[in-house]
Each structure stands twice: as C-alpha cells, then as structure tokens.
4 protein chains.
Amino acid sequence: MSASRVGRPRSERARLAVLQATRDLVLAHGYEAVTLVEIAAAAEVGRQTIYRWWRSKEALVADAVLEQTLSLDPRVVTPSGDLSRDLHEWVEDSIARMADSDAAALYRALLAASAVDDAAAARMTAAFSDPLRAAVTAAFESTGRGRYADVAADVLIGVMLNAIVTRDTPARERIGVVVDVLVRGTAE
Amino acid sequence: MSASRVGRPRSERARLAVLQATRDLVLAHGYEAVTLVEIAAAAEVGRQTIYRWWRSKEALVADAVLEQTLSLDPRVVTPSGDLSRDLHEWVEDSIARMADSDAAALYRALLAASAVDDAAAARMTAAFSDPLRAAVTAAFESTGRGRYADVAADVLIGVMLNAIVTRDTPARERIGVVVDVLVRGTAE
Amino acid sequence: MSASRVGRPRSERARLAVLQATRDLVLAHGYEAVTLVEIAAAAEVGRQTIYRWWRSKEALVADAVLEQTLSLDPRVVTPSGDLSRDLHEWVEDSIARMADSDAAALYRALLAASAVDDAAAARMTAAFSDPLRAAVTAAFESTGRGRYADVAADVLIGVMLNAIVTRDTPARERIGVVVDVLVRGTAE
Amino acid sequence: MSASRVGRPRSERARLAVLQATRDLVLAHGYEAVTLVEIAAAAEVGRQTIYRWWRSKEALVADAVLEQTLSLDPRVVTPSGDLSRDLHEWVEDSIARMADSDAAALYRALLAASAVDDAAAARMTAAFSDPLRAAVTAAFESTGRGRYADVAADVLIGVMLNAIVTRDTPARERIGVVVDVLVRGTAE
DNA sequence: GTGTAATCGAGACGGTACGTCCAGTCTTACA
DNA sequence: TGTAAGACTGGACGTACCGTCTCGATTACAC
C-alpha cells in the first residue's frame, strides 16, 4: 500500500498557479481568446507541465472553473419541510454566488469547453445539474410532490442556465418569482 | 438611382451550396471540428467566395443554422384566449421541430458560434429568445396575467435551452408538464 | 502541356528572402543555433511558407548555401594540356573564392545539414565533389595519367575539405604545394 | 589536505555503461537522432548522473567516441627510415581500424558534435589531426624531406576525412596509392 | 460584338495556436 | 554525497487553420 512514489513529485504550486492563471485569463479575455502560451507564461510554468496534467485546453478550463466555482448545490441538503422556504433559500444563495463573483463568465467558459470536450460536458453535468436535481428532488419528495420533482429541476436548471448564457441580469433577479410559480403550480 | 451594378454577379448557387455544406458538416462533425477549407471543398467553392458573403466562420454558421432551422416562433402569432391551449400548441410544435430534425445539434453549434462572435449571439437572441418572449408575453397579457409574462418566458426559454444543451431527451418530453405547472402557478 | 497553373503563384520574393535570411543567420550564429522561427521573422515570411517549399531545416540550408556559393568547379572546363598550370589555376581560383567570402562557414553549415539529411548530402556531393572529380579526371586523362585521376581528385577534395572543416588557413595556403607534389608524384 | 570525500562515491560502472550506450545508440540511429533520455534508459542510469560527468550531449558523444575509437596514431611512433614503408604501414593500419569497426560512423558523430561544441572540436583535433601530423612530420624529417611534412599531413588527413565524411569506400582503398604519390612527389 | 469590371475556383501568403519533443536543471526517496 | 526516477522551465519543431491576397478564367452588363 505504501506505493512509495519515485522521482520528483508533482508540484502543487505549479498546479495551483496554472488553475489560477486560467481563471484570471478566462475572466479577462474570455475562453476562446485565451491560449495555453499565455496561461503558461502567467503561471510561470513550462507549457509541457500543463500538458502533463491536462490533456487539452478544454480539460484545463473545466478543472479550473469547477475547482473553485462550483458549489451551487450543497445548501439544500436537508429539506425542512417548507418547500417554498427551502427553494428560495437555495435559489437566493445560488444567485448571490453567481452575482458577487464572476461565476457566470466562468460558467460560460465551461459551456464552451463542453462543446469541444465530452469529458468536460460530463463533468459539468455532474457538478452542476446532478446535485441540483438531487436537491430539488429531495425537497419535492419530502413534501409529497415527488411527481413534479423532475419538472421542477428542469425549470430551475433551465432558468439559471438561460440567465448565465444570455447574460440576462433581470432574468436572474426574477428567479425568486419562478420559485413562487413553481410552488404554486405544483400544489395538490 | 439605378446604381447599375457592373461585373459578374454573385452566384446564388454558390451561396446556397455553402450554407448546405456548412449544415451538413456541422451535423457530421460538430461546430469546432469543421473548417472553412472543408466547407469550401464540400460546396465546390473558393474560400474567398465564403468570405465575400460572411465575415467569419461564426457568422456563416449563424446564418446557416438560422436560415433553415429557426422557426420556433411564428406559430403563436395570435393568442386564442385559452392560455393553456396556446402554450401547449406552441410547445408541442417546437418539440416536434426539434425532435424530427437535427435541430438540437445545430442549436448547439449556434451557441458555440455565439461564444466567439457577438453578432452571432445577438442574432441568436433575436431569432430564438425575442420572438418566443414576445409570443409568450402576448399570450399572458391577453389573459390578464401580464405580470407573469417575463417569468413565463424565462421558464420556457430556459427549459428548452437546457434540453438542447444537455441533450436531455426526457426533459424535452416533460415540457408539456412545465406548461401545466406554469399555467396553474400563474393563475389569479 | 501548357500546365496552366491555377491559384496564387509562389512568391519569388518570399523564396529569395528566406534563402538570404538563412545565409545571413547561418553566417551570424552558425548552423545549429539558427531556428526556423528566426529565419521566418528575418525574412518577414510566415513559418508555413518555409515548410511549404522545404521539408526541413536541412533542406533549406542546403538550398540556401548551394544557390549562392557553390561554383568551385566550372573553371577547369577545358584542359590546356599543361597539367600543372591547369590545376594551379583552378586551385588558386577556388582558394580565392573561399577566402574572400564566408564560403567556408557556409560549407560547414552544409556539412552539418548533410549529417541529418541524406538528400542534402547527395546535393552536396553533386555540387562539390562530382564536378571537381570530373574536372580533375579530364585534366589527368588529357595528359596520359588517367590512372591517377581518382587519387588526385581524392587528394584535392580532401585537402580542401580539411581546410574548410578545421578552419585551417595555413593548410589552405599550402594547397599550391599539394598540386606540385601531385603533379610530380604522378609523372611517368 | 586529505580531502577525505564524503558520501556515496561515483559509480564507475555507471560511467562506462553511459559511454557504451552512447556508442551503441549513435551507431544504431546516428548522432542527431539520439537523445539523452534514450541513453540514460539504455545505460540504466539517471539523467542527472550523465550531467554530473559531462556538461552536454556533445561532450558525452566526443568522449564516447574518442575513448574507444581514436587510436589512429600511435603506430608510427618511431620512423624506421624507410618513409614509404612507414607511411604504408600506418595507413593500412588506419584503414583496417576504420573498416572493421563502425569507426567511420562514430567519426561522423564526432564531427557533428564538433559543430556545436568547441571543446569537442578541439578534442577531435587533438586526438586525430595533431598526432597524425606529428607522426608524419617525424617520418618526413627523419628522411630529410622536412619541408614537405605539413603538406603530406594535409594530404593524408584530408584524404581520410573525405573518405569518412562522404562514406566513400573506394576512396578509402585508394589511400595506399596516395602514399605512393606522396612519397614520389616529395622526393629530392 | 467588344470592353469592362466584379466574381469565380484555386491555392499561396502572413500569422498564430496547437500539441510534441528534447535539453538541461531540480527534487524526491533510497543507498 | 551519489543514485534512479521523473517533474520542472524553456523553447524549437512541424501541423493546422484563419482571414487575406493573387492568379487565370468566367460572366454579365454597357456600349
């Protein structure tokens, strides 16, 4: 079990510098405009070091974005029984997290990476849609509306995605109303 | 003021061949993998001819996709007064159009093009979100629920976008339920 | 048979600029230190343009050197019957051509290229050794010493090669004496 | 003054394995194609160990080649007084050594290394040209033809060099005749 | 008909990013 | 301290593609 690795160990410093540089540059210039040469230079790292750990620009961006940004989910872990309050709480938290940071821009980068790299797409789903769907499902099932769980998740994921993709801030602010409509529309 | 053009006129045949080749290749290999050299070869057209009509690969893809695919909207032109029936009709039509063809794949290409080219993004919004929002707004206002118009549009656009982006067929089939929830949740 | 080429024709300006830049940089920094990036920049040419016309750095250097430098041979075209005078004349001419210019440095570059690229080696032989051997052979045969032709060529080629490779100026100046020894040693 | 070394002593085994691996690989693939990674792997040695003994790839190749191959000279240590016999003896010995082994290929590697590394060039001259010149000079001076010593050395070095560089086997076999011409041409 | 001028297919051009490869250095654990 | 292993920075390599430019050939309109 000792595995006793041999040779120089991976430089955590380099890995973190690359991830940070990637985030900074993606935010500054957008996903498509960023090049690995720039990232390597900004991270003060050899280009080969990047390729040693990520097999493509897409995989790197997916990692860089997910590592720091994606924690939209873990709030609605235990439904309180009050569906409306649970959803509002979660949604407001998500909006806040998206608003304060440059998270939306990073998500867009992730979306672009997903278009090229299937693994990035899978990671994005796993980190974004799946937990959200699970949380929403738990909340709905605990209030006896389990049959609407998937639809509710569709709606919430879709609305957030749309607000991100289209850079539509008003839509972001209307998400609270979406929750109300959802709660009311799935009653009985 | 006649403007009487001189010289060889542009070839409509070439323009159409390019659009068709673009669609075919985007469907076959995806947006990122397609190159203008391939498109030009498939369309039996010189590369410069493409640039005479479109200023970039992104603009071309936007045109190619929008020209054929994007007619999600014109169905709900006149609200009948029955909100639920109007929305269902429109939504079922949209789903059908998305299901039978490779429309979803083309939308994804359009999304990718939008990430690089602002004009493509604007065109996508103009052709996809705006008409949808207008139609939904008209339907809601004609039934006295105008204050929910934007939210309803957010929800429908978002749900469709999500189904497209994530290639989630079940979600596509649940859109009818979304309409029901929406109608019920915005009552009174 | 007209061949009537289609497409943009090759840019002679670019070709000449690349060859000149190659010569300049090889003289300035030596063969091994020169990179195609530098050559492309100095010639104000795209890198791909170089690769379009030469399949490697070696082939380019061979071309660049041979294009301008290699005219050691054509002097001894018609043997006069006086072997000693013919050889001296040719040898002095060769030495002069090697001395005044940077020819020796270019030859060394060519030699280095030949080590990597067989085609370059063949071209070097064809342009340097073969004509020299032919001229020497003609001179020897016309004076009834044909059986020494090859040996004489070996000697003269070798002596010049050595003077080039080892940057041995005194050896260069002794070539006249070599001719005398050669003429005397092959008499009768 | 004891200098009493501390720590693990250097491994002579490693040094010899590196030299042997270098020779093998240079012979198998040529100088330019060989990499230090390959050499280290073949010698079952760490890469750093190589750099502890040699400061560059060129220095290593120079050492590897010279260590085994270069002993062209020591035969004509004491001139016998019979110039022709001395030269023939030496030359035949040299040819034999060059023919049986892969010495010519190794020389070419050495030549390539010399192009990059001045020290390698100096070592090559010291090991190849200088002793040869000394031996030839001794032989010529002991027979009263001292004034031809340098020229004779030029010729013999050049002829051998040419045979090596151009892979010209016939030229190698004509070296005996060169000696005859040289002896005859420098008489009186 | 003939001239003129813009378009056409073809393909080279400058430029730039990619992903690979290697040299020479550095950092581990082990001997 | 020397060693094998292997990651590190740095930078050249050769390929691919973009958007532009330059050919000869084509094609419509103006004369």
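The chains referred to below are lettered A, B, ... by the order of the sequence lines, with proteins before strands, and numbering in each begins at 1. Remember, predicted model here, so these are calculated numbers, not experimental data.
- One can place CZ of B:Arg52 at 12 Å from C1' of F:dT22, the figure rounded to the nearest angstrom.
- Atom CD in C:Glu32 sits roughly 13 Å away from atom P in E:dA23 (whole-Å rounding).
- Atom CG of B:Asp118 and atom CZ of B:Arg123 lie 14.0 Å apart (nearest 0.5 Å).
- Note that CZ of D:Arg23 is 11.5 Å distant from CD1 of D:Ile39, once rounded to the nearest 0.5 Å.
- With sequence neighbours left out, B:Ala42 forms a side-chain contact (heavy atoms from CB on, under 4.5 Å) with B:Ala21, B:Leu25.
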Could you pull out every donor-acceptor pair under 3.5 Å between side chains of residues 54-61 of chain A and any protein atom, sequence neighbours left out?
residue : atom : partner  : partner atom : Å
A:Trp54 : NE1  : A:Asp63  : OD2          : 3.1
A:Arg55 : NH2  : A:Asp117 : OD1          : 2.5
A:Ser56 : OG   : A:Glu58  : N            : 3.4
A:Ser56 : OG   : A:Glu58  : OE1          : 3.4
A:Ser56 : OG   : A:Ala59  : N            : 3.2
A:Lys57 : NZ   : A:Tyr31  : O            : 3.3
A:Lys57 : NZ   : A:Val34  : O            : 2.8
A:Glu58 : OE2  : A:Tyr31  : OH           : 2.9

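- Within the 4.5 Å cutoff, no side-chain heavy atoms of A:Leu110 are placed close to those of A:Leu106.
- Using a 4.0 Å heavy-atom cutoff across all strands shown, A:Trp53 reaches sugar-phosphate atoms only and no base atom.
- Toward the 5' end of DNA chain F, the nearer of the two residues A:Pro9 and D:Val45, judged by each one's closest nucleotide, is D:Val45.
- In terms of the side chain to side chain donor-acceptor pair (under 3.5 Å) criterion, D:Glu32 has no residue partners (sequence neighbours excluded).
- Atom CD of A:Glu12 is separated from atom C1' of F:dC8 by 15 Å (rounded to the nearest Å).
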Q: Starting at the 5' end of nucleotides 14-21 of chain F, put B wherever the base has a protein heavy atom under 4.0 Å, S where only the sugar-phosphate does, and a dash everywhere else.
A: BBBSBBBB

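- Rounded to a whole Å, the CD atom of B:Glu44 is 13 Å from the C1' atom of E:dA10.
- Taking all atoms of both residues into account, the shortest heavy-atom contact from B:Leu111 to B:Met124 is CD1-CE, 3.6 Å.
- Contacts of A:Thr49 with the nucleic acid, taken as non-hydrogen atoms under 4.0 Å apart, include base atoms.
- Contact check for A:Asp24 versus A:Gln20: side-chain heavy atoms found under the 4.5 Å cut-off.
- Rounded to a whole Å, the CG atom of C:Leu25 is 15 Å from the C1' atom of F:dA12.
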Can you give me every donor-acceptor pair (side chain of residues 43-50 of chain D, partner residue at least two apart or in another chain, under 3.5 Å) with its distance?
none

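- Whole-Å rounding puts the C:Ile39 CD1 to F:dC13 C1' distance at 13 Å.
- Atom pair C:Arg10:CZ and E:dG14:C1' shows a separation of 16 Å (rounding to whole Å applied).
- End-to-end axis angle of the helix from E:dG1-F:dC31 to E:dA31-F:dT1, from C1' rotation axes over five pairs per end: 20° (rounded to 10 degrees).
- No donor-acceptor pair closer than 3.5 Å links the side chain of A:Arg108 to the backbone N or O of B:Ala115.
- In the region residues 13-21 of chain B, proximity to DNA chain E at under 4.0 angstrom, judged on heavy atoms, holds for none of the residues.
- Sorted by first and then second residue, the pairs that involve residues 6-15 of chain A and meet side-chain hydrogen bond (donor to acceptor under 3.5 Å, both in side chains), not counting sequence neighbours, are A:Glu12-A:Arg15, A:Arg15-A:Glu67.
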